[in-house]
Amino acid sequence: MGTPVMNNKENYNGRRSVPWKQKELFFLVIYAFVFYVIIIKRSLQLSHDHYKQLFGLRPGWLIPHYLNDVSDAQWRNFRGNLPVLTLVFGIFTLLASLMRAFFDLKVRGMSFLWLLFSLAYLSYLHGACVIFVLSIATVNFLLVKIFSRKKYFPLIVWSYNIFFLLCNRIYEGYSFSIFGQQWRFLDNYRGSFRWHICFNFVVLRMISFGLDYHWTNQDSHFNQEKHCQRCHICKSGKTCYQAIQERSLPTNKFGYVVYLCYLVYAPLYIAGPIVSFNAFASQLDIPQNTNSVRNVILNGFRWVLCLLLMELMTHLLYYNAFANSGLWKHFSPMEVFIIGYGVLNFMWLKFLLIWRFFRFWSLVNGIETPENMPKCINNCHNLEGFWKNWHASFNKWLVRYMYIPLGGSRKKLLNVWVIFTFVAIWHDLEWKLLSWAWLTCLFFIPELLLKSAVKAFQAESSFGELIFRELSAVAGAVTITCLMVCLWLPSEAKHVANLVGFVIGPNGINWLLSSFLGKEGLPVLGGMLMTFYVGAKIMFHIDEAKHRSH
């Protein structure tokens, strides 16, 4: 499937764009322009012709006489609560800034302050169920402090957290009545948001705290000097996120108050992005300095523009409503492709808005986190690249706390099975999700094998480079097609799903195959591959331009 796509700097550095590439880019852009004109035109027609048969459409506000697609529950809830979230954001930031300025608060002071604010926030969200969150977290803290110096400690912390990850789902957040009828009245005060859904992120933070503490007295494999030589942020005299994450903290920074503050820190509590304990605690003392005030403001402005784009999209194109209605099953293969492609773009934009809102909130308060969507979904031509750029902070967490401890690249073919199985269980307990995880691993294996086989290959001649480029584009087209079939991934409350994982299940593969391998579907499948081939080549040009600019 996806072969490596000329990602070695030697393929870019020192080479100017040759004339045939400039001509190629011109025709590729023309093709892409025509493709999007056709897609948008057909999408508008579908939405206009079938809107009366769709559910989840509400009167719109952006365009007169147009309905707005709010059929996605996660987006509807976020969008509906945005005014309240913005108010909480403002109050939290104002109070924290004033307290930091007047009292010159450091790690312990800021953690205590933010903990108070965050617990008030959690009380609104979960009501009396905050007791469950704090109880499980406190036992985890005690286990870390007691067993952290033992060699078998990772087994303890992983077992404890996976146990509660499963129990929370099986018992749907528990009932107070199971502890005695005298506590039954607390079930009437469970808040406005299910605590065990958010607790999935708390589990990641508890594991991060435990392993970071476990590694404090061990030799770090992080080469600070080598990192600074290739990191443009660290070269400039600032400290990048990776550097503060890998740098061990003094043991006195691993206190209970800082730990609880890390677990329930309001800006990142509901949806992340995920930040390691080392990075979080370091920035309590010295707020992030990699993003200037100007850049932070620009981040907020870009978020507003993305929100307007989403509103325009949901007013005109009802992709998600089509997917939820099941009406797409009666459409032609071309129309199914349009809806599937549109839903993926809708989901990408939805998660970008949710994650960037909370990241912006955290950034304003001096805590930098990894960007969850550093790349557009339409700029990923292989599986590995896609997974690094979708829930990117989760990917970094998996690399640090699972991939490297399990053996890293030496055991990559085995690691992916363990990691994706955990990712599926972390999202929810469903066989459809496990089938999604294992199907993704099956798609990964050919790509990993081919990457390993050609790792040493260097295109010495222009002809060799051309052949390698064409094969890479073909492989990219196949990979993108597979992502179309096995994508729509899971998220925090239920990350959205992929076509196999949540919407149609494994049995739906037969329906897709019969549709696209039939007489009417084969030309559409050929057109898809051709379009994604063109898309992959445009991505190569984007990558080359980025490498030339560095």
Side-chain angles (χ1 to χ4, degrees), residues 35-82 306-354 377-378 430 432 436 483-505 507-512 514-516 518 520-521 524 527-528:
F35 166 76
Y36 280 110
V37 167
I38 294 172
I39 291 293
I40 293 172
K41 185 178 179 181
R42 292 288 295 271
S43 298
L44 289 170
Q45 190 64 47
L46 281 171
S47 299
H48 179 269
D49 291 345
H50 300 282
Y51 74 93
K52 292 181 180 179
Q53 300 166 268
L54 300 176
F55 301 98
L57 304 183
R58 299 289 184 271
W61 64 273
L62 187 62
I63 304 175
H65 311 301
Y66 272 79
L67 297 174
N68 188 16
D69 182 359
V70 289
S71 57
D72 182 88
Q74 199 171 35
W75 173 246
R76 184 172 63 250
N77 290 335
F78 174 76
R79 183 177 177 271
N81 288 308
L82 197 53
C306 289
L307 178 63
L308 291 175
L309 176 62
M310 173 63 112
E311 289 298 306
L312 181 64
M313 180 179 178
T314 53
H315 275 74
L316 296 174
L317 310 168
Y318 306 143
Y319 294 127
N320 197 73
F322 276 115
N324 287 346
S325 70
L327 194 65
W328 54 277
K329 293 181 180 180
H330 306 290
F331 288 165
S332 68
M334 178 62 179
E335 291 167 337
V336 170
F337 162 70
I338 290 172
I339 291 169
Y341 182 71
V343 168
L344 291 182
N345 281 272
F346 165 79
M347 291 302 175
W348 176 82
L349 187 55
K350 176 187 79 169
F351 287 120
L352 178 139
L353 284 164
I354 293 173
I377 191 175
N378 296 300
E430 290 191 16
K432 289 189 293 183
W436 157 80
L483 284 170
M484 281 286 297
V485 174
C486 185
L487 197 12
W488 307 10
L489 30 175
S491 164
E492 37 291 345
K494 244 193 181 172
H495 218 149
V496 51
N498 59 38
L499 200 52
V500 177
F502 279 110
V503 181
I504 61 177
N507 294 331
I509 289 287
N510 295 328
W511 181 88
L512 283 176
S514 62
S515 295
F516 282 92
E520 188 180 356
V524 177
M528 282 172 55

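Contact record, Leu349 with Met313: CD2-SD, 4.3 Å, taken as the closest heavy-atom pair. Here the closest non-hydrogen pair linking Ile338 and Ser43 is CG2-OG, 3.1 Å. The two residues Leu54 and Ala321 make their nearest non-hydrogen contact at CD2-O, 3.8 Å. For the residue pair Ser71 and Asn324, the shortest heavy atom distance occurs at O-ND2, 3.3 Å. Nearest heavy atom pair, residue Leu67 against residue Tyr318, reads O-OH, 3.0 Å. Scanning all heavy atoms of the two residues, the minimum distance from Leu352 to Cys306 falls at CD2-SG, 3.8 Å.
In Phe78, the CZ atom is crowded: over 12 heavy atoms of neighbouring residues, nucleotides or ligands sit closer than 6.0 Å. Annotation: Tyr66, atom OH; neighbour count of heavy atoms from other residues, nucleotides and ligands within 6.0 Å does not exceed 12.
Inspection of the Asn378 and Tyr341 side chains reveals an N or O donor paired with an N or O acceptor under 3.5 Å.
Between Asn345 and Ile377 the shortest side-chain heavy-atom distance falls below 4.5 Å. With contacts defined as side-chain heavy-atom distances shorter than 4.5 Å, the pair Asp72/Met347 qualifies. Looking only at side-chain heavy atoms (C-beta outward), Leu317 and Phe346 stay at 4.5 Å or farther from each other. In this structure the side chain of Leu46 never reaches within 4.5 angstrom of the side chain of Tyr319, judged on heavy atoms. For the pair Leu57/Asn68, no side-chain contact is recorded, criterion being any heavy-atom separation below 4.5 Å from C-beta on. At a threshold of 4.5 Å between non-hydrogen side-chain atoms, the residues Arg42 and Met334 count as touching.
Atom-to-atom distance recorded for Leu353:CG and Leu309:CG is 8.5 Å, nearest 0.5 angstrom. The structure places CZ of Phe35 at 9.5 Å from CD1 of Ile40, a figure rounded to the nearest 0.5 Å. Atom CD of residue Glu335 and atom NE2 of residue His50 lie 6.0 Å apart, to the nearest 0.5 angstrom. Distance check, rounded to the nearest 0.5 Å: CG of Asn320 to CZ of Arg76 gives 9.5 Å. Atoms NZ and OG1, on Lys350 and Thr314 in that order, are 12.5 Å from each other to the nearest 0.5 Å. To the nearest 0.5 Å, atom CD1 of residue Ile39 and atom CG of residue Leu44 are 11.5 Å apart.
In this view, Phe322 and Phe331 satisfy the ring-ring contact (aromatic ring centres under 6.0 Å, His included) rule, not counting sequence neighbours. For Gln45, the side chain to side chain donor-acceptor pair (under 3.5 Å) partners at least two apart in sequence or on another chain are Asp49.
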